[in-house]
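The structure presented is a predicted model; accordingly, all values stated were derived computationally and were not measured. Residues: numbered from 1 along the sequence shown.
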Amino acid sequence: MFRDNQNSLRAIILTGLFAAIIYIGIWVLRIPIPAMVGRPFIHFGNTLTLVAILFLGYRNGILAGIIGLGGFDILNGYAATSWLIMLEVVLVASVVTGVYKLMGYQDNSKNIIIIAIIAGITKIFSSYGTSIVEALMVGTNIKTALVASFMSLPATVINSISTAIFAPLLYFAIRKIFVQSTQRR
């Protein structure tokens, strides 16, 4: 909705608001999952980041995701690997924006659901890569890192499924509220 006017005061304020909502979405609902690599947990940060990307566009969506997800990691004991999460935000945003552009930025239900599924799948692969890098950072050999990272994917798969389900619902709810609020003027 703000792809063309990403430097407007409204877009900047919404970027900061989405960043705060992403942070809070992780902080409030965080369910740890045992894993061989890292300390993964179930949360709504990825879902909210996807909604930010769809709503704010590529640049401001990335900024909101990096500030929200990266900020959470930096402030909550994940600082050493926060840069990997920030790279994942850029990767997911790039894939999602590319697909959305191919769809002509048509935000009908079918397209948004497809985009949410693609975002979830992209997140699974990027998290697998991130886990491999994390394992290598602590001195694990490559073979062990590959296996341990694969065994650490359950939280990511659950987060990806929740993204595919909840991102379209949240996007259309926020879009409806935004459209109604701008029509009242």
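- No side-chain donor-acceptor contact under 3.5 Å links Y78 to the backbone of G70.
- When all heavy atoms of L56 and G61 are compared, the pair lying nearest together is CB-N, 3.9 Å.
- I117 and I53 end up in different hydrophobic clusters when Ile, Leu, Val, Met, Phe, Trp and Tyr side chains are linked at under 4.5 Å.
- A donor-acceptor contact closer than 3.5 angstrom links the side chains of T15 and N60.
- In the hydrophobic clustering, V133 connects to W83, L84, L87, M137, either directly or through intervening members, whenever side-chain heavy atoms lie under 4.5 Å apart.
- At least one donor-acceptor pair closer than 3.5 Å links the side chain of S162 to the backbone N or O of N159.
- The minimum heavy-atom distance between A119 and V92, with the atom names listed, is CB-CG1, 4.2 Å.
- The side-chain hydrogen bond (donor to acceptor under 3.5 Å, both in side chains) test applied to T81 returns no partner, not counting sequence neighbours.
- For residues 111-124, the salt bridge (charged side-chain N to carboxylate O under 4.0 Å, His left out) pairs, not counting sequence neighbours, are E88-K123.
- What you find for T140 and A145 is that their closest heavy atoms are CG2-N, 3.6 Å.
- With sequence neighbours left out, the side-chain hydrogen bond (donor to acceptor under 3.5 Å, both in side chains) criterion links T122 to no other residue.
- Hydrophobic cluster of I12: no remaining members, since no ILVMFWY side chain lies below 4.5 Å from it.
- Of the possible polar contacts, none joining the S131 side chain to the S149 backbone as a donor-acceptor pair under 3.5 Å is found.
- Enclosure of atom CZ in F172 by more than 12 non-hydrogen atoms of other residues, nucleotides or ligands within 6.0 angstrom is indicated.
- Of all the heavy atoms in I62 and A93, the pair that sits closest is CG1-CB, 3.4 Å.
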Let me have the donor-acceptor pairs involving side chains of residues 41-52, under 3.5 Å, with sequence neighbours excluded, atom names and distances please.
unit_1	atom_1	unit_2	atom_2	d
H43	ND1	G45	N	2.8
T47	OG1	T163	OG1	3.1
T49	OG1	G45	O	2.7

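- Looking only at side-chain heavy atoms (C-beta outward), V99 and M103 come within less than 4.5 Å of each other.
- When each of Y100, F55, Y58 is checked for a ring-ring contact (aromatic ring centres under 6.0 Å, His included) with Y105, only Y100 meets the rule.
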